[in-house]
Asker: 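Structure in structure tokens, see below.
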Amino acid sequence: MKKCNECGKEMEELAAKTPEGVEYRYFKCKSCGDEVVSMKQLHSVAETYRDMEKYKVKLNKWGLSLGLRIPRELVRKYQLKNKKNITLIDEGKSIIVSP
Ligand SMILES: [Zn+2]
């Protein structure tokens, strides 16, 4: 049984979902209502997000630039069309492709 760090009373384990539908479990104090998510659960949720959003693609030379091939699932999801303009945002450590 897990005890509350705030009041020392018993905590119950509950299940919840992130807005994106990823399930996780957390503890809620039956007395004061304090809520705690374990590091293990946080890592598990983070890993699920990484798996959900990871696509490895190869760049191809296109004139003096490099072309990026966008996987079909993402083309469908974001309703991308041939010749459509999209925006590349330089975030410093990564590039965001924004429809
Ligand atoms: Zn408590």
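Both backbone and side-chain heavy atoms feed into the values below; hydrogens, waters and symmetry mates do not.
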Asker: Going by salt bridge (Lys or Arg N to Asp or Glu O under 4.0 Å), name the pairs with one or both residues in residues 73-86, residues two or more places apart or in two chains.
Answerer: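 Qualifying pairs: none.
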Asker: Side chains of residues 57-69: which donor-acceptor partners sit under 3.5 Å, not counting sequence neighbours?
Answerer:
none

Asker: Going by atom type alone, with no hydrogens or angles, which donor-acceptor pairs under 3.5 Å involve a side-chain atom of residues 85-98 and a protein atom two or more places apart or on another chain?
Answerer:
| residue | atom | partner | partner atom | Å |
| --- | --- | --- | --- | --- |
| Asp90 | OD1 | Gly92 | N | 2.9 |

Asker: Looking at every heavy atom in both Thr18 and Tyr24, which two are closest together, and how far apart are they?
Answerer: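 The pair with the smallest heavy-atom distance is N-CE2, 3.8 Å.
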Asker: List the residues meeting side-chain contact (heavy atoms from CB on, under 4.5 Å) with Ala46, not counting sequence neighbours, and say none if there are none.
Answerer: Arg50
Asker: Which residues pass the side-chain contact (heavy atoms from CB on, under 4.5 Å) test with Pro99, not counting sequence neighbours?
Answerer: Tyr78, Leu80
Asker: Closest approach of Ala16 and Tyr26, non-hydrogen atoms and distance?
Answerer: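 That would be CB-CE2, 3.7 Å.
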Asker: Just verifying a value: how many Å separate Cys4 SG and Lys9 NZ, rounded to the nearest 0.5 Å?
Answerer: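 The SG atom of Cys4 sits 9.0 Å away from the NZ atom of Lys9.
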Asker: Indicate every side-chain donor-acceptor pair of residues 28-42 with a distance under 3.5 Å to a residue at least two apart or in another chain.
Answerer:
| residue | atom | partner | partner atom | Å |
| --- | --- | --- | --- | --- |
| Lys30 | NZ | Glu10 | OE2 | 3.4 |
| Ser38 | OG | Gln41 | N | 3.2 |
| Gln41 | OE1 | Arg25 | N | 3.1 |

